[in-house]
Amino acid sequence: QVHLVESGGGLVQPGGSLRLSCASTGRTSSSGTMGWFRQAPGKEREFVAVIRWSGTSTHYADSVKGRFTISRDSAKNTVHLQMNSLRPEDTAVYYCVADNQRIILSALRNGESYDYWGQGTQVTVSS
């Protein structure tokens, strides 16, 4: 069983930065995948970014590419999401996700592919 706990959300002005962290307890397979999804009020949940636990590859939504960076700290079983140049449209609840399987490329952006979800952390971008 894997338990995920997010931290680092908050209120930031447009153009500002935030760093989200997701600490994983329990077994995290070296072949697994971790990442982030988000959901804004009245909108569907959407993919943000994922990283292979081996650290060999990362994937981003087009809307965040070049602004967000996902990374992992294997020693601490933690994944980070560095968010720069934040926009009001980035406002959402951000959820950490994980799975101990190697998810195929075509399924990475589908939330149904992940067995484990965190409780979410609110990010609000507003002046």
Side-chain angles (χ1 to χ4, degrees):
Q1 186 71 16
V2 174
H3 184 55
L4 306 174
V5 179
E6 302 102 332
S7 60
L11 173 64
V12 64
Q13 292 186 342
S17 299
L18 280 176
R19 188 189 194 213
L20 304 183
S21 296
C22 175
S24 170
T25 60
R27 178 178 176 272
T28 303
S29 168
S30 60
S31 62
T33 307
M34 289 187 70
W36 298 88
F37 282 70
R38 67 186 182 186
Q39 187 166 21
K43 294 188 177 181
E44 292 188 354
R45 180 179 66 195
E46 65 173 350
F47 166 79
V48 177
V50 295
I51 185 168
R52 304 288 191 186
W53 194 246
S54 62
T56 56
S57 64
T58 57
H59 304 270
Y60 297 92
D62 288 343
S63 59
V64 306
K65 199 172 294 183
R67 300 187 298 123
F68 291 10
T69 302
I70 189 170
S71 61
R72 95 263 186 268
D73 182 336
S74 299
K76 296 182 179 180
N77 276 352
T78 299
V79 169
H80 304 287
L81 185 68
Q82 178 66 44
M83 305 185 295
N84 299 327
S85 302
L86 282 162
R87 305 166 179 169
E89 53 264 39
D90 294 317
T91 295
V93 177
Y94 283 69
Y95 296 92
C96 179
V97 299
D99 197 277
N100 280 327
Q101 304 299 316
R102 181 175 176 82
I103 299 172
I104 61 174
L105 184 60
S106 61
L108 283 175
R109 298 166 188 258
N110 184 349
E112 300 299 324
S113 301
Y114 299 86
D115 284 341
Y116 305 104
W117 287 72
Q119 81 287 353
T121 185
Q122 177 70 46
V123 171
T124 302
V125 184
S126 175
S127 56

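Predicted, not measured: the structure shown is a model, and the values here were computed from it.
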**OP:** Could you please spell out the steps behind the side chain to side chain contact (heavy atoms under 4.5 Å, CB included) verdict for L11 and S126?
**Re:** CA-CA 7 Å; L11 173 64; S126 175; 4.3 Å; yes
Original post:
Does one hydrophobic cluster hold both W53 and W117, with members joined at side-chain heavy-atom distances below 4.5 Å?
Top reply: no
Subject >> Single-linkage hydrophobic cluster, 4.5 Å side-chain cutoff, W36 and Y114 together >> reply: no
Original post:
Which pair of heavy atoms, one from S21 and one from T78, lies closest together, and at what distance?
Top reply: CB-CG2, 4.3 Å
Original post:
Is E44 salt-bridged to R38, cutoff N-O under 4.0 Å?
Top reply: no
Original post:
Does a salt bridge link D62 with K65, judged by any charged N lying under 4.0 Å from a carboxylate O?
Top reply: yes
**OP:** Would you tell me whether S71 and H80 have side-chain atoms, one donor and one acceptor, within less than 3.5 Å of each other?
**Re:** no
Original post:
Any side-chain donor-acceptor pair under 3.5 Å between D99 and T33?
Top reply: no
Subject >> CA sep, side-chain torsions, deciding dist, call: V50, Y60, side chain to side chain contact (heavy atoms under 4.5 Å, CB included) >> reply: CA-CA 7 Å; V50 295; Y60 297 92; over 6 Å; no
**OP:** Answer yes or no: is there a donor N or O on one side and an acceptor on the other, between the side chain of R52 and the main chain of M34, under 3.5 Å?
**Re:** no
Original post:
Taking D90 for the side chain and R87 for the main chain, is one N or O donor matched with an acceptor at less than 3.5 Å?
Top reply: yes
Subject >> Step-by-step side chain to side chain contact (heavy atoms under 4.5 Å, CB included) determination, N84 to F68 >> reply: CA-CA 6 Å; N84 299 327; F68 291 10; over 6 Å; no
**OP:** Take L4 and Y95, measure what side chain to side chain contact (heavy atoms under 4.5 Å, CB included) needs, and give me the verdict at the end.
**Re:** CA-CA 9 Å; L4 306 174; Y95 296 92; over 6 Å; no
**OP:** Please lay out, stage by stage, how Q119 and E6 fare under the test side chain to side chain donor-acceptor pair (under 3.5 Å).
**Re:** CA-CA 7 Å; Q119 81 287 353; E6 302 102 332; 3.3 Å; yes
**OP:** May I ask you to decide if the ring planes of F37 and F47 are parallel, tilted or perpendicular, using 30° and 60° as cut-offs?
**Re:** perpendicular
